[in-house]
Amino acid sequence: MRQAGAYSGIHCGGISGKMGPHPLPLARIKKIMKRSGSGDEVKMISAEAPIAFAKACEFFIEEITKRSWVMATQSKRRTLLKDDVASALIATDVFDFLITLVSHSASPAITTTTNLMSMDS
């Protein structure tokens with residue numbers, strides 16, 4: 001019997017040097033890369049480029065998760081909530097480009113934090 005992910009892996013080349021399935025779907029990453037190009041400029045994408053993006057996405061998710069976990073533990077919880085992610089993004093300058101995504105649906109406490117932080121500037 002075949003396993004679901006057994007044939008979805010591609011050779012990872014210089015990035016990790018192993019065969020096997022990737023935690024993030026490379027076809028989806030490639031589709032986003034093609035769609036994200038200005039106009040129809042992005043037509044061809046090498047096999048290594050989506051792998052590099054997948055690894056970058058993994059690091060990005062790990063970093064936001066670590067910062068969100070700090071927010072959850074400060075609230076004496078062991079479950080990550082959407083508000084923890086929003087608070088972590090708001091508290092970190094590097095993630096300012098994501099604030100508009102979380103501020104529309106953030107809880108009143110997070111909105112207040114955002115307002116206070118903008119007053120300090």
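Along the sequence shown, the residues carry numbers beginning at 1. Computed over heavy atoms, backbone and side chain alike; hydrogens, waters and symmetry mates excluded.
Every residue meeting the side chain to side chain contact (heavy atoms under 4.5 Å, CB included) condition with E62, not counting sequence neighbours, appears here in chain and number order: F59. Under the salt bridge (charged side-chain N to carboxylate O under 4.0 Å, His left out) criterion, R28 pairs with no residue, sequence neighbours left out. Evaluation of the side chain to side chain contact (heavy atoms under 4.5 Å, CB included) rule for I45 yields K30, M33, K34, V42, A49, P50 as partners, not counting sequence neighbours. Not counting sequence neighbours, the partners of F95 by the ring pair (Phe, Tyr, Trp, His ring centres under 6.0 Å) test are F60. With sequence neighbours left out, A56 forms a side chain to side chain contact (heavy atoms under 4.5 Å, CB included) with no residue at all.
Note: the hydrophobic cluster containing I99 also contains L101 (ILVMFWY, side chain heavy atoms under 4.5 Å, direct or indirect links). By the criterion of side-chain heavy atoms lying less than 4.5 angstrom apart, applied directly or through intervening Ile, Leu, Val, Met, Phe, Trp or Tyr residues, I61 is not grouped with V94; the two fall into different hydrophobic clusters. Grouping the Ile, Leu, Val, Met, Phe, Trp and Tyr side chains by contacts below 4.5 angstrom, directly or via other members, places V85 apart from M71.
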**Request:** Please test E63 against K66 for salt bridge (Lys or Arg N to Asp or Glu O under 4.0 Å), starting from the C-alpha separation and ending with a verdict.
**Result:** CA-CA 5 Å; E63 185 64 28; K66 288 175 187 175; 5.1 Å; no
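Other residues sharing a hydrophobic cluster with W69 under the 4.5 Å side-chain heavy-atom criterion for ILVMFWY residues are L80.
The distance from atom CG of L89 to atom OG of S68, rounded to the nearest 0.5 Å, is 6.5 Å. One finds the CD1 atom of I90 at 14.0 Å from the CZ atom of R67 (value rounded to the nearest 0.5 Å).
The heavy-atom pair separating A72 from T79 by the smallest distance is CB-O, 3.9 Å.
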